[in-house]
Amino acid sequence: MDHSADAHRTDLMTITRFVLNEQSKHPESRGDFTILLNNIVLGCKFVCSAVNKAGLAKLIGLAGETNVQGEEQKKLDVLSNEVFVKALVSSGRTCILVSEEDEEATFVEPSLRGRYIVVFDPLDGSSNIDCGVSIGTIFGIYMVKDSHEPTLDDVLQPGKSMLAAGYCMYGSSCTLVLSTGSGVNGFTLDPSLGEFILTHPDIKIPKKGKIYSVNEGNAKNWDGPTTNYVEKCKFPKDGSSAKSLRYIGSMVADVHRTLLYGGIFLYPADKKSPNGKLRVLYEVFPMSFLMEQAGGQAFTGKQRALDLVPTKIHERSPIFLGSYDDVEEIKSFYAADEKKE
């Protein structure tokens, strides 16, 4: 990549221009989806700014304490949630919001109601803020099936019904990765312009990777197929070289690395968490959607992740996602285990 030439590029593909270009391919579209995405992007910019100031602004860990003006300080995850809820409601394009931070779904009042449902985790990995590890926002977008009064059933759709999904990672740079159902594109925030610029067009995950990513601290509670697969990653018997282990513990950062470099990310079920730890609607589905769009796979241990039909908004599921061949391999371990039974 020629960075010096890049610095003088004048034809910048911003995320707004990119989404408008996509919109122009659908003559029937009214621009509602574009407006909704613009509001999500605005939320991401706000949170990026707040995350960068977290230490200085005393935003870390101070929810419930009072500042000099007598206002209550808010923890970053609480603040991020409020920003996204307000940005999404005010867009006038949403009818139901599901956030990791709110126990109940938010139903938008009729006067501001639109056709879209947004599921999101406003600040995933927020326990990592204090040590400077990358954190992020994850989101998925559904459309209400028809023009009836929206209900929870409209949210409890399989991941394959999503229209779009993405995440924004707040790390050494602020990166937004988005798919609207025709490939995956990555944008980086240019702070001098305040705009997300297309830096990773048409991301494709390598067919096979050299990295596996899992919390090995849970190994004693894993089931047979996961244990055997990780064992094979470390001690391959076919003469191939062992895989490297990389685990950050912030899902957005781990999935981002997997998407760019290939490999597999695992969060299996175990004896302590028989349904896994990650939430289906706003963690498993959006990341699985992106993986499939980039040419990878996502599997729950029983089925394709995007075929799962959730029954509760905060339902959890095990997940194995990443390079096509690596996920194919863990699927074969689960298939062999089923045969034994």
Side-chain angles (χ1 to χ4, degrees), residues 35-55 57-67 71-109 112-114 116-130 133-142 150 152 155 162 164-171 174-178 189 249-253 255 277-287 310 312-316:
I35 290 167
L36 174 62
L37 276 173
N38 271 341
N39 280 52
I40 290 174
V41 166
L42 178 65
C44 291
K45 287 178 185 172
F46 184 98
V47 174
C48 179
S49 164
V51 165
N52 287 337
K53 291 196 289 237
K58 292 274 195 310
L59 282 167
I60 295 173
L62 288 179
E65 290 188 23
T66 310
N67 66 12
E71 299 165 331
E72 252 192 18
Q73 295 279 341
K74 288 186 178 135
K75 261 189 185 162
L76 264 175
D77 44 8
V78 179
L79 181 76
S80 306
N81 187 46
E82 280 188 18
V83 166
F84 275 102
V85 169
K86 284 176 177 153
L88 291 166
V89 170
S90 67
S91 73
R93 302 298 183 277
T94 57
C95 54
I96 310 173
L97 309 177
V98 172
S99 167
E100 192 264 345
E101 291 288 321
D102 297 324
E103 212 164 309
E104 304 291 331
T106 301
F107 288 86
V108 179
E109 59 179 273
L112 286 168
R113 206 171 272 172
Y116 296 103
I117 294 164
V118 183
V119 292
F120 60 100
D121 185 344
L123 207 59
D124 186 71
S126 52
S127 59
N128 287 313
I129 298 166
D130 295 12
V133 166
S134 295
I135 51 183
T137 299
I138 310 172
F139 61 90
I141 302 171
Y142 289 106
L152 267 189
V155 180
M162 270 186 177
Y167 59 81
C168 187
M169 185 174 75
Y170 315 110
C174 182
T175 310
L176 198 152
V177 174
L178 173 70
L189 185 63
S250 174
M251 188 193 191
V252 172
V255 170
K277 276 290 275 291
L278 298 175
R279 269 67 54 116
V280 171
L281 274 180
Y282 41 81
E283 290 175 327
V284 170
F285 279 170
M287 294 311 202
K312 302 193 295 287
I313 61 172
H314 296 298
E315 191 170 309
R316 298 171 192 261

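Only heavy atoms go into these numbers, but all of them, side chains included; no hydrogens, no water, no symmetry mates. Here the structure is a predicted model, which means the values were calculated and not measured.
Looking at D102 and V85, their side chains come closer than 4.5 Å, going by heavy atoms from C-beta outward. Between C48 and C168, every side-chain heavy-atom pair lies at or beyond the 4.5 Å cut-off. Between F139 and L178, the closest side-chain pair of non-hydrogen atoms falls below 4.5 Å. In this structure, F84 and C44 have side chains that are in contact, with non-hydrogen atoms separated by less than 4.5 Å. Looking at S90 and N39, their side chains come closer than 4.5 Å, going by heavy atoms from C-beta outward. Taking the side chain as every heavy atom from C-beta outward, V119 and M162 approach each other to under 4.5 Å. Two residues are said to be in side-chain contact when any heavy atoms from C-beta on lie closer than 4.5 Å; D121 and V252 fail this criterion.
Remark: Y170 pairs with no residue by the ring-ring contact (aromatic ring centres under 6.0 Å, His included) rule, at least two apart or across chains. Qualifying ring-ring contact (aromatic ring centres under 6.0 Å, His included) partners for Y116, counting only residues two or more places apart in sequence or in other chains: F33.
The two residues I135 and G125 have their closest heavy-atom pair at CG2-O, 2.9 Å. The heavy-atom pair separating V280 from P286 by the smallest distance is O-CD, 4.3 Å. Taking all atoms of both residues into account, the shortest heavy-atom contact from Y282 to S99 is CE2-C, 4.4 Å.
Rounding to the nearest 0.5 Å places CZ of F46 at 12.0 Å from OG1 of T137. Here the OG atom belonging to S250 is positioned 5.5 Å from the CG atom belonging to N128, to the nearest 0.5 angstrom. The distance from atom CZ of R316 to atom CG of L281, rounded to the nearest 0.5 Å, is 12.5 Å. Separation of atoms CG (L79) and OG (S126) is listed at 12.0 Å; rounding is to 0.5 Å. Of the inter-residue distances, the one linking M169 atom CE with L176 atom CG reads 11.0 Å to the nearest 0.5 angstrom. Rounding to the nearest 0.5 Å places CD1 of I35 at 12.5 Å from CD1 of I40.
Checking side-chain atoms of H314 against main-chain N and O of R279 turns up no donor-acceptor pair under 3.5 Å. Between the side chain of S80 and the backbone N or O of V47 there is no donor-acceptor pair closer than 3.5 Å. Proximity of a side-chain donor or acceptor of R113 to a complementary backbone N or O of V108 within less than 3.5 Å is detected.
Tested against L97 for a side-chain contact (heavy atoms from CB on, under 4.5 Å), the candidates I117, V155, N81, L88 yield a single pass: L88.
A 6.0 Å sphere centred on NZ of K277 holds no more than 12 heavy atoms belonging to other residues, nucleotides or ligands.
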